[in-house]
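Letters A, B, ... mirror the listed sequences (proteins, then strands); counts begin at 1.
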Amino acid sequence: MLIDLSSPGGAALALLPEIVLTGWALVVLLVASWRHRTAADSRYVGILSIVGYVLAVMATGWLAWVGARPEGLPLMVALDGFRYASHTLLLWIGGAVAVLSWRWLERQGIIAPEYYVLLMLATVGMMLLAGAADMITMFLGLELMSIAVYVLTGYDRTRRASAEAGLKYFLIGAFASGFLLYGIALLYGATGHFNLVLIGAQLSATEPTLMAKAGLGLLLVGFAFKVAAVPFHAWAPDVYEGAPTPVTAFMAAGVKAAAFFALARILAEAFPGYVELWRPVLAVLAVVTILVGNLVALAQQSMKRMLAYSAIAHAGYLLIALWAHSDRGTAAVLIYLHAYVITTIAAFGILASIERAGARTVLISDLEGLYAARPFAAMGLSVCMLSLLGFPGTFGFIGKWFLVAAPLAEGELLLPIIAMIGSGISIGYYLPVILAMTLKPVRTRSAHQTIRFPVPAKIAVAICVLAILVLGVWPNAVLDFATQEAVQLRRLAMPILTR
Amino acid sequence: MDLVTPVFWVFAGWSVVSAVLCITRRNPISSALWLVSTMFALAGIYVLLDAQFIAAVQVIVYAGAIMVLFLFVIMLLNVGDAPREWRRWPVGLLGVGLAAVLGAQLMMLGGYGRQRLADEFSTQPAPVNPALVFPEGMASAAAVAERGVVGAVAEPLFTAYLIPFEITSVLLLTAVIGAVVLAKKKL
Amino acid sequence: MLLGPSLALSAVLFTLGVLGVLVRRNAIVVFMCVELMLNAVNLSFVALAQVHGLGGQVMVIFVMTVAAAEAAVGLAIILAIFRHAQSVDLRQLTLLKG
Amino acid sequence: MTSLVWLTILFPLLGAVINGAIAIRRPEAKGLVSLVGVGALLGSFAVAIGIFLEVLAGDGTATRVLLWQWMPVTERLSIDLTLQVDRLSTVMLLVITGVGSLIHLFSVGYMKSDPGYARYFAYLNLFVAFMLVLVLGASLPVSFIGWEGVGLCSYLLIGFWYEVDANSDAGKKAFLANRIGDFGVLMAMFLLWWHVGTLDYDGLARQAPEVLAYAGAPVTLIALLLFLGCTGKSAQIPLFTWLPDAMAGPTPVSALIHAATMVTAGVFLVVRTGVIFSLAPVAMEVVAITGALTAFFAATIALRQNDIKKVLAYSTVSQLGYMFLAVGTGAWAAGIFHLVTHAFFKALLFLGSGSVIHAMHHAQHAAHAHGDAQDMRLMGGLRRAMPWTFVLMGIATLAIAGVPPLAGFWSKDEILAAAFVRGGGNTIYLVAWGLGLLAALMTAFYMARLMAMTFFGRFRGGDTLEPHLHEAPAVMTGPLVVLGLLSIVGGVLNLPGFAGGSHYLAHWLEPVTDATLPYLDRLEMPHGMTELLLVGGAITIALVGLALGMWTTLRRPVLTPAATPAATGLARVLEGKYFIDELYQKVFVGPTVWFSRRVLWQGIDQFLVDRMGVGGTARVAKGLGWLGSRLQNGHVALYLTLFVAGVVLLMRAVIGGAP
């Protein structure tokens, strides 16, 4: 189905998932403003918000099903398989985080159901960021996401750590968006356009110019911050630790995924002519990020911090796939993000259930003997660790495989080796978690007695863990989708660019 | 005789001096006021650059509303002069050095004139009809002459940029919800 | 026209904003320096809009909106941290580290 | 039947799931656990026999069973979950399910009183499932699932008794060494994919020779990387240190995983990818000499160990070295032959030692004594209390020492003969042959010493213990008897011509190994006089080694750890009489043992590999991590400065030319 994006009706149709989710968020906001006093109210709003994600997924599915394509140039929003794939994943993240937050918030004494509204609006921002075909939409989506996540990070106002995390994230985030904005301005100056494809057309037609180069650099800075690549990563561990755990999951999975989707789109559509320029930058960023992320993770005692550094390292792996600048690389980004996101959500879900109200962050040594007390939780977390490690038979392995294969197909050997070395180092911190849970006795009798795992969260985590295992040996559906349907970035942009 | 250039340099000097004072004053209130001063200078420059509407908005919204919010919060928190406002020397010096290098890199952009931009611009036939994107190709001055100061900006804002415009409404809503949730004394 | 001078001024102001962020300790002042950076970028947009048409000016409107939203949320966050620490000195906010 | 090969994997997998569930819900239901655990293996074994009969009737072409598409990477390369049944995988299938069944059965008795009974069987079943994936996989990635999976299970089982910290450390070490090796396999896989474009064993055998130049750098690199993986998994120099530590796990685990099956996976992989190796003669030499060196030095280390399981562990490393020597010379069948016979007699030795440890442990328990149940200096004279175990371990000792007509003799002789023949044209192989010969002597020596210290002389564990020593129950001795029979008759698989056979196994494997023939000179096994000389020499060495071992051990009382070394005048005088022994000790054994102990074991293994290598790397990495962690001091200023430094560098890279 061809959609004319220059007409308001067409634009509304193209943005249906976002509009549905925003509309539902307004409904939920109305409900939340009437019912926001008790824990029951909070739970009620939580359930209500999940309906919104389901509706938005259905809208996305409809767009994908009718095969919506832009009539001519994609204006403001993209209409391609990549967008539908990213939307599905992002909506899924939002829904899963809402499920994980359900009852968790009340247990931590956070009774303010606006939380779910902000979560939905942040998801809208992520979708706009990932699906934007225009720098303006992209910037506004990014800001919408960021502002909502700043608030969510500092949401647990009773804890100083949460407020501090919010402030740190906010200050550095605003600082970074200054750079991003400068980059957009310079690209606008160099090309006269905000539209990604038109920028790509203009940049491909000329030799690299100073203004465009500077714009590219500043743009990369902005995204490197969002994906937490070294040396723009320093905020991540602090913020991940301080934020409420479901929000941490949201940041580690959603924000990172959305930023990578957007970066993949920008590099593919706007900068195909500048490959020689951004490739070395991405390579260096990837190498440094992999090494620093993995090494520093070794020294961590807190689970959340460890996962934060591990998330940094995973951003490094993903940069390798972007480096490849090929359909295979884009497919690898999609597949790896799916694997990473599912695993991260499950790991943080289990972690959230272990946390006690008001207690300090969970240390790795706190997990000792978890297997004896809570075998399923321990097994689930073990599967997550193995998947993050890239153990064959888990979805993580499939993701790593494609990730490493992408630059190899381009004839690059060093980056895959670095990725594998990094993955080798990562045994040093993933393994002790499994070790602590399965091979160490329980420290005290009272340990693990306070674990509260609400049924919906349990189901969500169980689905994730099963998905990791099943997709590890039977990933065909996802792979087919990623390699055939979703890799349409270049395919849609190329005819316009080469004309 | 061209009056624009000397006036521009006056405003430029004003804005730079205000900005320097903004980042060096120890009292946050002075800093905020010097920032307002910078914004006024910029508004003046906007007028010179054929962006009269933006200049007005800059004064009303930015200098007027946003900075008042800042002042309000500074007064509310009542944080006076910090005993040692500056960062310690090694870090501070490193910051100055880094900023200087960054500034030198960005200053290279100052070499751009209209001619250079036009030279670097691709003269290839545009791949698609620009009218599909937004009615541009019409420079600021011409647009103002044709549609008036407000109309020049309003036209594209409500046609080509309708989607971003609607997104900003969601953005502001989010900010309001967030600010209320965070700042309320009791939830 | 003044394209080159405007871009240079924009770069200077942006750098001053970065410098302010790097050397100041007061969270509110740091945030104000970020606002200075955004203003500098706006100047670039306006200067470039002279050549490329009004897209740049429209973008400035959006940036101002974003700045307003950021200010609202940012100041609320600063208020929240002030309630805990009785200070907005960034040097004292080192609970999270390691 | 062949199309049902997936059943052999499914049974143990189901067993693992069910036992895992029991471990969580009702860990006390041991009867059910045994039924499921052993039943799963027996089921697999039954299917394996069915497959074997079918393959026996077939003409040797491989049957590929497609389970489902796994990773459709490109149109060109699609990796499917395909199992491959051919003569090689059938041999492995039979060994794994057969020996596995026996060891599962043995475990029923051995682990009876362990609280983690259900968990143990769940892990063990899971291990078998992964091991079968490894040998049945039709492509490298599928095998790699099993390859990593067995490593994980091995690690879980080594650390099974997690109350002891050293055990979980040993598990970690094993996992780490394995992962270093896995890095090699992964790299080799990617390189193969890059160069050849396929990872199917079938496709590799067909396409690799066309794409990869004989003795070229790429194929050599690939082969060496694959071999790096094998050294990790099969405990060869330099990655052999984890295997002796791995003995911390339950003894049946040592028998199954660290002797009979998992550690031989490296040998299997080399044979499977034989074409690649045969294209890289340098890599073949490396494999052979590494195997020979490992065989030699592991044997020297075993000479002076007092822990019964440590002796067997080093012996396993040494025997694995023989297997690599075999495949390194291109004697694929000999390698597999030794793999099979070794599975029989080494499993028997481990289970026998398990039976001894079990008896010692129970005796200590009954007498309320404490002591090391594995220290041979505290044993002695056990042949009276444990006649069955004694006889069976004796058989295994003769087999491993290479006394005809037991199984070990034929396979070891085959390997040494092959190395000797290759040595005719290449000195490296002659050196390898010499090392192998010396290792054979030492093997006989330390095995005789083990037998003598354990079963002969008088009991040194204390009078209170002695009445409590009993033979193991039938459920444990039963599997021992079966393995004993196999150790005796296992040689018939591949009897050479002079003994009335026709190298049956070698012919049986020809469909698999023939692909390497164009690149590898056919081994012309020696005939007539040379052959008889070689055989005679091997027998002599075995008998001399055994006699020396017995003699030097029993000649004077074995000192218990507590006893002070007796060095009185009379003893010295008496010792003076044993001039030959002293000479032997001083000139040959002494320096070698000193070298292996001080340099290899303490120097390289403990210091270089453990402290500097594994431990050192870990410490350096941790130190760097700690440094990075300190940089994360919570100050936003520092974060922002780092940020801007990044911006400056990035801009410098993108713009170029600017400051």
Side-chain angles (χ1 to χ4, degrees), chain A residues 168 171-172 175-176 179 210 213-214 216-218 220-221 224-225 230-232 234-235 237-238 277-278 280-281 284 292 295-300 328 375-376 386 391-393 398 401-402 404-405 408-409 416-417 420-421 424-425 427-428 431 435 438-441 473-476 479-480 483, chain D residues 20 23-24 68-74 81 141 144-149 152 155-156 159-160 162-163 167-168 171-172 175-176 179-180 182-183 186-187 190-191 193-194 618 621-629 631-632 634 636 638-640 642-643 645-647 649-651 653-656:
Chain A
K168 280 182 177 172
L171 278 184
I172 306 181
F175 186 64
F179 284 93
L210 172 67
K213 283 193 282 190
L216 168 66
L218 292 168
L220 283 179
V221 168
F225 163 79
V230 177
F232 311 99
W235 58 277
D238 288 7
L277 217 54
W278 55 257
V281 174
V284 172
V292 170
L295 284 175
V296 183
L298 283 177
Q300 302 307 316
R328 187 179 280 128
F376 286 109
L386 290 178
F391 202 80
I398 310 270
W401 178 277
F402 277 79
V404 171
L408 268 178
I417 289 181
M420 276 195 259
I421 289 176
I425 300 173
I427 310 164
L431 204 61
L435 188 82
T438 54
L439 298 183
K440 292 261 171 78
V473 287
W474 201 73
N476 298 40
L479 296 189
D480 285 347
T483 47
Chain D
I24 288 165
W68 62 76
Q69 280 207 326
W70 190 30
M71 291 197 283
V73 184
T74 57
L81 267 186
F144 194 64
I145 298 184
W147 183 270
E148 290 273 308
L152 179 70
Y155 146 72
L156 287 171
F160 185 74
Y162 50 66
E163 288 79 6
N167 289 12
S168 50
K172 220 161 38 172
F175 202 75
L176 216 60
R179 279 297 290 214
I180 295 174
D182 299 342
F183 170 77
L186 260 180
M187 277 316 293
F190 282 118
L191 284 176
W193 175 64
W194 199 20
K622 274 235 157 121
L624 284 175
W626 180 84
L627 205 67
S629 219
L631 262 177
Q632 195 79 23
V636 181
L638 188 72
Y639 301 175
L640 289 168
L642 205 60
F643 187 111
V647 174
L649 289 176
L650 199 153
M651 290 298 284
V654 177
I655 302 178

Colleague: Taking side chain as everything from C-beta outward and backbone as N, CA, C, O, which of these in A:L210 sits under 4.5 Å from a heavy atom of chain D? Side chain, backbone, both or neither.
Modeller: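 Only the side chain of A:L210 comes within 4.5 Å of chain D.
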Colleague: Heavy-atom cut-off 4.5 Å, strictly under: side chain, backbone, both or neither for D:L191 against chain A?
Modeller: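 Just its side chain gets close to chain A.
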Colleague: For residues D:L81 and A:V473, report the shortest heavy-atom separation together with the two atoms involved.
Modeller: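 Looks like CD1-O, 3.8 Å.
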Colleague: What distance do D:Y639 atom OH and A:F175 atom CZ have between them, rounded to the nearest 0.5 Å?
Modeller: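 CZ of A:F175 is found 15.5 Å from OH of D:Y639.
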Colleague: Using a cut-off of under 4.5 Å for heavy-atom pairs, which of A:V404, A:I421, A:L386, A:I425 has the most such pairs with chain D?
Modeller: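 Highest number of heavy-atom pairs under 4.5 Å: A:V404.
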Colleague: Run through D:L642, D:L650, D:V647, D:L649 and flag the one making a side-chain contact (heavy atoms from CB on, under 4.5 Å) with A:P231.
Modeller: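 Going through D:L642, D:L650, D:V647, D:L649 one by one, the side-chain contact (heavy atoms from CB on, under 4.5 Å) with A:P231 is satisfied by D:L642 alone.
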Colleague: Where is the tightest heavy-atom contact between D:G646 and A:F232, given as atom of each residue plus distance?
Modeller: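 Minimum heavy-atom contact is C-CZ, 3.6 Å.
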Colleague: Please give me the minimum heavy-atom distance between D:I655 and A:K213, naming the atom from each residue.
Modeller: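 Scanning both residues, the minimum pair turns out to be O-NZ, 3.4 Å.
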Colleague: Below 4.5 Å, heavy-atom pairs only: which of A:P416, A:A224, A:G393, A:A214 has the largest tally toward chain D?
Modeller: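 Highest number of heavy-atom pairs under 4.5 Å: A:A214.
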Colleague: Taking all non-hydrogen atoms of both residues into account, name the closest pair between A:V281 and D:A653 and its distance.
Modeller: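 Closest approach of A:V281 to D:A653, heavy atoms only: CG2-CB, 4.2 Å.
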Colleague: So which atom in A:A405 and which in D:F190 form the shortest heavy-atom distance, rounded to 0.1 Å?
Modeller: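 Shortest heavy-atom separation between A:A405 and D:F190 comes out as N-CE2, 4.3 Å.
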Colleague: Pick one of side chain, backbone, both or neither for A:A297, based on which atoms fall under 4.5 Å of a heavy atom in chain D.
Modeller: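 Nothing of A:A297, per the 4.5 Å heavy-atom cut-off to chain D.
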Colleague: Do D:W194 side-chain atoms and A:L408 backbone N/O form a donor-acceptor pair below 3.5 Å?
Modeller: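 Yes, because the side chain of D:W194 sits within donor-acceptor range (under 3.5 Å) of the backbone of A:L408.
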Colleague: Of the non-hydrogen atoms in D:E148 and A:F391, which two are nearest, and what is the gap between them?
Modeller: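 Taking every non-hydrogen atom into account, O-CZ, 3.1 Å.
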